[in-house]
Amino acid sequence: MEQKSICRNCKHFMQHYIKGSTSYSRLLEGHCKNQEIPWKIRKHNISWDNCCEKWESNEEVKAEQKENIKTVLKNMRKTLINIEQILSDD
């Protein structure tokens, strides 16, 4: 599936969130992390449906994040099994 060339699908886009009482909610804005874009432009909040000539797909970043999450979950599982064994020995 081809992505739209908009900020929220760019690997340089950093999403902004707001903290609620029990969770974080995504805002419809963020900022750009691309060092090739002047700081004067990057420092301002941008709407996530904008686009510029520096856009790059975030599919690779998403795949890497998923792999990192899988690794963390596997490690958590091992740790929980170890904790369960320690507790069952008592």
Side-chain angles (χ1 to χ4, degrees):
M1 184 173 89
E2 191 172 316
Q3 288 184 318
K4 285 185 176 181
S5 297
I6 55 178
C7 283
R8 73 173 171 213
N9 295 329
C10 180
K11 79 176 196 177
H12 302 290
F13 184 70
M14 176 63 73
Q15 184 74 52
H16 289 180
Y17 293 84
I18 188 167
K19 184 179 178 191
S21 59
T22 59
S23 64
Y24 288 91
S25 298
R26 183 176 11 191
L27 298 176
L28 298 178
E29 61 183 32
H31 68 273
C32 183
K33 301 182 300 179
N34 190 335
Q35 298 295 319
E36 295 177 16
I37 296 177
W39 172 246
K40 284 185 175 186
I41 296 170
R42 287 189 295 123
K43 71 177 182 177
H44 298 291
N45 290 348
I46 54 174
S47 173
W48 72 348
D49 60 354
N50 284 341
C51 187
C52 73
E53 69 281 351
K54 304 290 186 186
W55 183 89
E56 293 181 52
S57 174
N58 67 354
E59 286 299 318
E60 192 175 292
V61 173
K62 283 182 175 181
E64 186 177 317
Q65 287 174 337
K66 284 183 181 181
E67 287 303 312
N68 290 340
I69 290 170
K70 286 179 184 178
T71 301
V72 168
L73 290 173
K74 284 178 186 176
N75 291 337
M76 287 174 63
R77 181 177 182 274
K78 289 177 187 175
T79 301
L80 289 171
I81 288 171
N82 289 339
I83 292 170
E84 180 185 31
Q85 289 174 346
I86 290 169
L87 292 174
S88 67
D89 288 345
D90 287 346

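All values below were derived from every heavy atom in this structure, side-chain atoms included, with hydrogens, water molecules and symmetry-related copies excluded.
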Q: Please examine the side chains of Glu84 and Leu87, heavy atoms only from C-beta on, and report whether any two atoms are closer than 4.5 Å.
A: no

Q: Any pair with a residue in residues 21-30 that passes salt bridge (charged side-chain N to carboxylate O under 4.0 Å, His left out), sequence neighbours left out, goes on the list, sorted by first then second residue, please.
A: none

Q: May I ask you to test the Leu73-Met76 pair for a side-chain heavy-atom distance under 4.5 Å?
A: yes

Q.
To the nearest 0.5 Å, what is the distance between CD1 on Ile81 and CD1 on Ile86?
A. 12.5 Å

Q | Closest contact, heavy atoms only, Ser5 versus Cys51 | A | O-SG, 2.7 Å

Q. What residues, two or more places apart in sequence or in another chain, satisfy salt bridge (charged side-chain N to carboxylate O under 4.0 Å, His left out) together with Glu67?
A. Lys70

(Q) Side chains of Phe13 and Ile46, heavy atoms from C-beta outward: is any pair under 4.5 Å? (A) yes

Q.
Main chain of Ile6, side chain of Trp55: is a donor-acceptor contact present, judged purely on distance under 3.5 Å?
A. yes

(Q) I'd like to know whether CD of Glu64 has more than 12 heavy-atom contacts from other residues, nucleotides or ligands below 6.0 angstrom. (A) no

Q) Are side-chain heavy atoms of His12 and Gln35 found at a separation under 4.5 Å? A) no

Q: Kindly write out the residues that satisfy salt bridge (charged side-chain N to carboxylate O under 4.0 Å, His left out) with Glu36, not counting sequence neighbours, or none if the list is empty.
A: Lys54

Q: Provide the closest heavy-atom pair for Cys7 versus Ser47 in the form atom of the first, atom of the second, distance.
A: CB-O, 4.0 Å

(Q) Can you give me the closest heavy-atom contact between Asn45 and His16, atom names plus distance? (A) OD1-CE1, 3.0 Å

Q: Please round to the nearest 0.5 Å and tell me the distance separating atom CG of Asn34 and atom NE2 of His31.
A: 11.5 Å

